[in-house]
Amino acid sequence: MLRERFSASSFWKDLLEERCTLFQYIGELCRYLVNSPRQPQETQHALRLVCGNGLRSEVWAEFQERFRIPQILEYYASTEGNFSLYNCEGRPGAIGRIPPFLSTGLRLPS
């Protein structure tokens, strides 16, 4: 089902009905969900991943804990850019820095 507009009150019901295992967010969508009244369906999902951009660090932990989200993949990319940044570690606020697994042997300009 495709809704004409986003509905925080119907989001988890729709997600369950469509048997979603992933959803992509933009901007403040996660904050809207966190600020909405609790619903029984919000933890009955089969999500394995939530990805997107614009998830504020002060919303991240509550969003992941309240809705039992197994993994969040935050990224930043643009059509005008020639690269993308990914938060592979799943840490709030980690986007935009070089993760440890890529920094070995990397020489940065002084």
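Predicted, not measured: the structure shown is a model, and the values here were computed from it.
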Greater than 12 external heavy atoms within 6.0 Å of R66's CZ: yes

Worked check of side-chain contact (heavy atoms from CB on, under 4.5 Å) between F23 and L29: CA-CA 11 Å; F23 82 79; L29 184 139; 3.9 Å; yes

Which atom of R68 lies closest to which atom of H45, heavy atoms considered: O-CE1, 3.3 Å

side-chain contact (heavy atoms from CB on, under 4.5 Å) involving Q44 - partner list, sequence neighbours excluded: L16, P40, Q41

Test item: R31 and F63 side chains (from C-beta on) under 4.5 Å apart, heavy atoms: no

Side-chain heavy-atom pair L73, L49 within 4.5 angstrom cut-off: yes

Main-chain N/O of F67 paired to E42 side chain as donor or acceptor, under 3.5 Å: no

F6 and Y32 aromatic ring geometry - parallel, tilted or perpendicular at 30°/60° bounds: tilted

Which atom of Q39 lies closest to which atom of S9, heavy atoms considered: NE2-O, 3.2 Å

L33 side, atom CG; I69 side, atom CD1 - distance, nearest 0.5 Å: 8.5 Å

Distance-minimising heavy-atom pair for L22 and C51: CD2-SG, 4.4 Å

L55 side, atom CG; E74 side, atom CD - distance, nearest 0.5 Å: 5.5 Å

Gap separating the CD1 atom of I72 from the CH2 atom of W60, nearest 0.5 angstrom: 5.0 Å

Shortest non-hydrogen separation from Y75 to N53 and the atoms involved: O-CB, 2.9 Å

Main-chain N/O of V50 paired with Q24 side-chain donor or acceptor, under 3.5 Å: no

side-chain contact (heavy atoms from CB on, under 4.5 Å) between E28 and R56, intermediate numbers included: CA-CA 8 Å; E28 299 288 352; R56 295 176 182 264; 2.7 Å; yes

SG-CH2 distance between C20 and W12, expressed to the nearest 0.5 angstrom: 10.0 Å

Steps toward side-chain contact (heavy atoms from CB on, under 4.5 Å) verdict (L15, L47): CA-CA 9 Å; L15 192 125; L47 289 174; 4.0 Å; yes

